[in-house]
Amino acid sequence: MKLNYEALRQVMIEMQNQPLRPKQSTIVNNVVKKGFSRSDAIYSLKQAIDAGLIDGSVEADFSNTYYFDLRDITPAGHQFIDSILEDTYWNKVKKVLKEEGIPITIPSITRTIAKIFL
C-alpha cells in the first residue's frame with residue numbers, strides 16, 4: 001500500500017492532541033473525519049510506529065486486522081510534527097523536496113525539516 005503523507009501528518013496531529021496512551025479507534029476515527037480513508041489512517045499509524053515517530057506496537061491477525069498499543073509520541077515524532085504542524089511549514093517542506101527531486105518519504109521529510117528549520 002502506498003503511504004498517504006497527508007494522512008500521516010494528520011495522524012501525528014491527532015496523536016499530539018490526545019492524552020497518553022490514546023485509543024486506536026479515536027486516532028483513526030478523527031483522521032477519517034478529516035476526509036481520509038480508514039485504510040490510509042490505519043496504514044499511516046502503522047508507518048508512524050515503524051518509523052519511530054510514535055512509541056507503540058502493532059500486530060495483525062490472519063485477516064489483516066491491525067491491533068495497536070499506542071503509548072506516546074517519541075522525541076523524533078515531536079520534532080517531526082512541530083516542524084510541519086502549520087500548513088505553511090508543511091507546504092515548504094514538500095516544495096523543497098519537489099524542487100530537489102527527492103521522493104517524499106519519512107526519512108526525507110525528517111532530513112528536510114532538519115535542513116530548513118534546525
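All values derive from a computational prediction rather than experimental measurement.
- Using modelled atom types, one side-chain atom of S108 and one backbone atom of P103 make a donor-acceptor pair closer than 3.5 Å.
- Legend: residues meeting side chain to side chain donor-acceptor pair (under 3.5 Å) with Q24, ordered by chain and number and at least two apart, are absent.
- Residue K92 places its NZ atom among 12 or fewer non-hydrogen atoms of other residues, nucleotides or ligands, all under 6.0 Å distant.
- The closest side-chain heavy-atom distance from Y66 to D61 is not below 4.5 Å.
- Note on K46 versus E59: no salt bridge recorded, every NZ/NE/NH1/NH2 to OD/OE distance being 4.0 Å or above.
- Side chain of S83 to backbone of I113: no donor-acceptor contact under 3.5 angstrom is found.
- Using a 4.5 Å heavy-atom cutoff, the side chains of L8 and F80 are in contact.
- For the pair N29 (side chain) and S25 (backbone), a donor-acceptor distance under 3.5 Å is present.
- The salt bridge (charged side-chain N to carboxylate O under 4.0 Å, His left out) test applied to R21 returns D69, not counting sequence neighbours.
- In E99, the CD atom is crowded: over 12 heavy atoms of neighbouring residues, nucleotides or ligands sit closer than 6.0 Å.
- A donor-acceptor pair under 3.5 Å is absent between the side-chain atoms of T26 and the main chain of P22, judged by distance alone.
- At a threshold of 4.5 Å between non-hydrogen side-chain atoms, the residues I42 and V31 do not count as touching.
- Using a 4.0 Å cut-off between a side-chain N of Lys or Arg and a carboxylate O of Asp or Glu, D87 and R9 qualify as a salt bridge.
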- [ ] Tell me, with the steps shown, if Q10 and E14 meet side chain to side chain donor-acceptor pair (under 3.5 Å).
- [x] CA-CA 6 Å; Q10 195 60 52; E14 290 302 326; 3.3 Å; yes
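- Under the rule for a side chain to side chain donor-acceptor pair (under 3.5 Å), S57 has no partner lying at least two apart in sequence or in another chain.
- Using a 4.5 Å cut-off on side-chain heavy atoms (C-beta onward), Y89 and N91 make no contact.
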